[in-house]
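Keep in mind that the numbers below use all heavy atoms, side chains included, and drop hydrogens, waters and symmetry copies.
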Amino acid sequence: MPASKSVTLNTGAEMPTVGLGTWKSKPGAVEHAVEYALRNGYKSVDTAAAYQNESEVGLGIKNSGVPRDSFFLTTRLDNPDHLVAEQALDKSLKNLGTTYLDLWLMHWPAPMTAGSVAPVKTIDWLDTWKTMSKIYKAHPEKLRAIGVSNFSVKYLQRLLDAQKQDPENIVIPAVNQVELHPSCPQQDVVDFCRERNIVVTAYSPLGSDNSPLLTNEIVKKIAAKHNVQPANVLVSLQANRPGVNVLPKSVTNSRILSNSTIIDLTQEEIDELQSINNTHHFRACHPSWTGWGSLGFPDCLDADKE
């Protein structure tokens, strides 16, 4: 199955298939990573208010000298900011040194206290989505698209049911960004989104830092066959899934370059990689840290008993 170069959002915009992720990329390193990536062919950069590196990402963008309209920029609404979404958006725009975002995501459907210390159960994330929809409709000069992140099928269904009841005021998300790799394929989420024209963005495609997937025998076998690194196979897996794009992250020049090398995988290879989940399932980022339990993810339901 050939890998894609871009995916089309339900707004009509094109979003590059491969973007630079910046989760855990610290100030001092992330600005260089962004500058280097943009100067070396990357057309998409992803960050978040919660990463506390938006200003440094903005500096990297500025230092790259790359025109703002030549790349796709994404950031997110932080969990403690559900009641102050518009102010949070303006702060993100200022930190990033840009007048608009190509995509603004709700980071988690999990309102939390300052510093994301504890859940705030008196706030409904759906009300926050209604606010984001209102801002999107009122300020096309600031927002080209809005979407969600870490949404299970259960939560997406609730959003879409509300949208059917109030289509004038509630927007269908353009994107759902979730953890995707062979040990967390989330095919139910991918299929649900694909059927409804919602693009899925894969974060942690390697399974995060020091991932066992990089030494998995299936991954290594396919990498050797294609004469690439195991990381290339893991990134390429997501790029070969229709309606999916992917965010490898690194602050090392050689890996930033290497991660952008995408190979075409056969359906047999895709199936073999996805089968790793049958014997070795894990998540790099379990939703229970939010204090909101499983957030509807079937493999996380134990968190609802805690």
Query - Heavy-atom side-chain proximity of Val189 to Asn176 below 4.5 angstrom - result: yes
Query raised in the report: So Asp124 and Lys130, salt bridge (Lys or Arg N to Asp or Glu O under 4.0 Å) or not? Walk me through it.
Result: CA-CA 10 Å; Asp124 187 345; Lys130 292 174 183 177; over 6 Å; no
Requested in this report: Using only heavy-atom distances, determine whether the side chains of Asn253 and His32 contain a donor-acceptor pair under 3.5 Å.
Outcome: yes
Requested in this report: Return yes if some donor-acceptor pair links the side-chain N/O of Ser44 with the main-chain N/O of Gly19 below 3.5 Å, else return no.
Outcome: no
**Report entry** Heavy-atom check, side chain of Val18 versus side chain of Pro248, under 4.5 Å
**Finding:** yes
Requested in this report: Please report the shortest heavy-atom distance between Lys220 and Leu214, naming the atom on each side.
Outcome: CG-O, 4.0 Å
Query raised in the report: Are Ser64 and Glu35 close enough that a side-chain donor and a side-chain acceptor fall under 3.5 Å?
Result: no
Query - Any side-chain heavy-atom pair of Glu141 and Tyr100 under 4.5 Å - result: no
Requested in this report: Just do the salt bridge (Lys or Arg N to Asp or Glu O under 4.0 Å) check on Lys225 and Glu269 with the steps written out, would you?
Outcome: CA-CA 11 Å; Lys225 177 184 173 184; Glu269 289 169 332; 2.9 Å; yes
**Report entry** Residue of the set Asn150, Thr75, Thr290 for which side-chain contact (heavy atoms from CB on, under 4.5 Å) holds with His107
**Finding:** Asn150
Requested in this report: Name the orientation class of the two ring planes belonging to Trp125 and Phe151 (parallel below 30°, tilted from 30 to 60°, perpendicular beyond 60°).
Outcome: perpendicular
Query - Charged N-O contact under 4.0 Å between Lys62 and Glu31 - result: no
**Report entry** Sequence-distant partners of Trp292, ring pair (Phe, Tyr, Trp, His ring centres under 6.0 Å), two or more places apart
**Finding:** none
Query raised in the report: Can Asp161 and Arg158 be counted as an ion pair, charged N to O under 4.0 angstrom?
Result: no
Query raised in the report: Does any non-hydrogen side-chain atom of Tyr42 lie less than 4.5 Å from one of Ile256?
Result: yes
Query - Donor-acceptor pair between His181 and Ser183 side chains, under 3.5 angstrom - result: no
Query raised in the report: When you check the gap from the basic side-chain N to the acidic O, do Asp188 and Lys154 get nearer than 4.0 Å?
Result: no
Query raised in the report: Side-chain donor-acceptor pair under 3.5 Å between Arg255 and Gln229, yes or no?
Result: no
Query raised in the report: How close do Pro173 and Leu160 get, heavy atom to heavy atom, and via which atoms?
Result: CD-CD2, 4.4 Å
Requested in this report: Search all heavy atoms of Thr22 against all heavy atoms of Tyr51 and return the closest pair with its distance.
Outcome: OG1-CD1, 3.6 Å
Query raised in the report: Side chains of Arg68 and Thr98: do they bring a donor and an acceptor to under 3.5 Å?
Result: yes
Requested in this report: Compare all side-chain heavy atoms of Thr74 with those of Leu101 and state whether any distance is below 4.5 angstrom.
Outcome: no
Report task. Begin from the C-alpha positions of Glu54 and Lys91 and carry the test salt bridge (Lys or Arg N to Asp or Glu O under 4.0 Å) through to its verdict. Result -> CA-CA 10 Å; Glu54 284 180 324; Lys91 184 178 180 181; over 6 Å; no
Requested in this report: Answer yes or no: is there a side-chain heavy-atom contact under 4.5 Å between Val200 and Val175?
Outcome: no
Query raised in the report: In terms of side-chain geometry, is the basic nitrogen of Asp46 or Lys249 positioned less than 4.0 Å from the acidic oxygen of its partner?
Result: no
**Report entry** NZ or CZ of Arg283 within 45° of Phe297 ring axis and under 6.0 Å
**Finding:** yes
Query raised in the report: Just checking, any donor-acceptor pair under 3.5 angstrom between side chains of Thr201 and Asn245?
Result: yes
Query raised in the report: Centre of Phe192's six-membered ring, under 6.0 Å away, within 45 degrees of the axis: is that where NZ or CZ of Arg196 sits?
Result: yes
Query raised in the report: Between Leu206 and Leu213, is any pair of side-chain heavy atoms under 4.5 Å apart?
Result: no
Query raised in the report: Do the non-hydrogen side-chain atoms of Ile172 and Leu159 ever get within less than 4.5 Å of each other?
Result: no
